[in-house]
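So that the names make sense, note that chain A is the first sequence line, chain B the second, and so on, each numbered from 1. These numbers were taken from a predicted model, which means no experiment stands behind them.
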Amino acid sequence: MTAYILHLAIMAGIYIILTISLNLIIGYAGQVSLGHAAFYGIGAYVSTLAALNWGLPFPVALVLAILLAGACGLALGLPTLRLKEDYLAIVTLGFGVIVDLILLNLDITGGPDGIGGIPAPVFFGVSFRAKPLYLILVGLMVLFTLVLTLRLVHSYHGRALRAIRDHEVTAQVMGVNTPAYKIAVFTLAAGLAGLAGSLYAHYISFINPETFGLHTSILVLSMVILGGMGSIVGSLLGAVTLTVVPELFRRFHDYQDLAYGALLVALLIWRPQGLLGGGKMSLKFITRRE
Amino acid sequence: MSLLTVDSLCKYFGGVKAVDGVSFEVEKGEILALIGPNGAGKTTCFNVVNGLLPPSAGRVFLEGEDLTTLPPYRRARLGLARTFQNIQLFGGMSVMENVLAGGHLRRRTGTLAALLPLPGVRQAEARAREQAQEWLNLVGLADKADWPADALAYGEQRRLEIARALAQQPKLLLLDEPAAGLNPRETEDLMALLASLRDLGITLFIIEHDMNLVMGLSDRIVVLDQGRIIAAGVPKEIRNNPRVIEAYLGREEEEET
């Protein structure tokens with residue numbers, strides 16, 4: 001039982017990082033991304049390959065995962081962030097599918113079979129295979145993510161991002177370099193997703209493309225919406241809730257997904273701004289038509 | 001040298017010549033009004049000047065520097081600010097945050113340093129708040145700093161937009177119909193505010209339909225009709241210019257038919 005709770009806590013921590021990073025893009029900069037799991041996957045595979053094939057220690061693999069996922073975010077962001085709403089949604093969706101297909105078809109990624117035997121992190125000769133230790137590691141990374149993003153959104157950069165979200169044209173007229181901000185936040189979010197991917201891979205020790213497909217992107221998006229767009233603490237809540245609640249619905253067996261879906265629908269009806277979201281912002285990119 | 005120079009500016013939308021070869025200058029320290037009937041091309045002219053629309057031809061200079069190909073945020077850095085005809089506040093932010101966002105350009109904190117818990121960063125934030133409070137005092141919103149921006153009354157939203165533009169500390173402020181939707185009393189307050197801005201040394205370039213405001217405030221007036229300048233001069237000249245009267249009221253013969 002304890003192991004099960006520890007497992008949920010670790011997964012919740014990983015999802016918190018993913019959710020916060022996606023919230024930066026959606027809730028703060030007001031851009032859409034339906035392919036966030038792709039960066040999660042890139043992080044997981046890069047870290048895995050770095051550890052297994054090149055024998056690099058975990059911290060180096062982790063940093064590589066962050067940097068490469070970030071670089072992919074930059075590469076995707078540069079040409080696409082001039083697109084708006086629906087178009088950006090389609091492009092990021094497509095990116096997710098492409099990454100999924102690449103992971104499925106490359107030899108180095110093991111195709112659909114994935115890669116197993118990923119080593120647990122080792123610090124100073126101590127293996128972090130044990131769940132309590134791994135939870136501490138994940139907790140530290142969550143803390144790092146929280147501090148970084150909270151400082152970001154409360155700095156004048158955060159204000160510039162929310163200005164872009166509320167009125168991109170006006171933000172630009174006021175002197176905010178909107179393309180640079182959007183690309184920077186997209187890159188940062190992709191890097192953080194890469195961090196989450198690395199943490200996942202070294203925890204589960206086996207990865208295959210299934211984990212990093214569209215359904216994960218949608219799940220993380222749900223976590224962002226549930227917690228509230230534009231609220232970092234909300235993302236934390238959303239991620240924990242959607243990690244734990246489906247487990248509570250296990251007793252409904254075949255109806256588990258139904259109960260889970262019903263919960264989301266109920267939430268969107270009665271609290272469309274999310275648990276901690278700020279008023280009218282949520283779902284803007286779905287409902288707004290200009 | 002003029003503060004703003006607009007040289008043979010053209011903006012075509014397909015076959016429509018919204019702005020068709022317009023040239024004028026805005027001198028430092030003056031209030032210049034751009035007037036004309038609806039659809040004369042005034043807002044298009046603003047949009048080209050501040051970079052929201054690329055011109056079809058012609059050029060725009062600020063203090064001799066060619067702005068024509070610069071994106072709006074670069075023009076803002078060079079000292080251009082504006083307000084919008086249909087108010088564009090950041091509705092998700094407080095009144096104070098709107099003005100702080102307007103001061104984005106004036107921050108001297110390093111890009112990454114802003115993320116660190118440094119005393120300098122806190123001081124910069126405190127200074128920015130003080131400064132923003134001053135702008136709010138100036139436009140008469142001092143006691144509503146913590147309100148959500150979209151909870152303000154219409155006239156207050158207009159003033160907040162001006163405060164936000166002032167936070168950029170611009171050399172030239174473009175105001176697109178600042179009196180639109182205001183009642184006579186609010187318009188009077190606005191005139192007093194604009195006059196005080198001129199006294200602060202801010203050059204104003206205003207599109208406005210309220211003739212009381214235009215005649216009472218502007219140093220010079222440029223009249224646009226169907227994308228072309230039909231008259232330019234001091235208010236007295238414009239008031240009695242037959243072409244202007246014609247553009248606004250139509251020709252006498254036309255009215256008879």
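Aromatic ring centres of A:H36 and A:F95: separated by at least 6.0 Å. Ring-centre distance between B:Y73 and A:Y181: not below the 6.0 Å cut-off.
Checked options A:V185, A:I232, A:L152, A:T149; the residue passing with A:Y28 is A:I232 (criterion: side-chain contact (heavy atoms from CB on, under 4.5 Å)).
Chain A forms more heavy-atom pairs under 4.5 Å with one residue of B:R75, B:E97, B:R74 than with any other, namely B:E97. Note on B:A128, B:A114, B:A81: by heavy-atom pairs under 4.5 Å with chain A, the leading option is B:A114. If you tally non-hydrogen atom pairs under 4.5 Å between each of B:R77, B:R82, B:M93 and chain A, the highest count goes to B:M93. In terms of heavy-atom pairs under 4.5 angstrom with chain B, the leader among A:L150, A:T178, A:V173 is A:V173.
For B:L78, no part lies under 4.5 angstrom from a heavy atom of chain A. For B:P117, the parts sitting under 4.5 Å from any heavy atom of chain A are the backbone and the side chain alike. Heavy atoms closer than 4.5 Å to chain A are found in both the backbone and the side chain of B:L115. Of the atoms belonging to B:E125, it is side-chain heavy atoms, and not backbone ones, that fall under 4.5 Å from chain A.
Counted by atom type alone, B:T43 and B:Q85 present one or more donor-acceptor pairs between their side chains at under 3.5 Å.
Residues B:E186 and B:R158 are not paired through a salt bridge, judged by the lack of any N-O separation under 4.0 Å between the basic side chain and the carboxylate.
For the pair B:R164 and B:F90, the cation sits on the ring face: its NZ or CZ lies under 6.0 Å from the ring centre, inside 45° of the axis.
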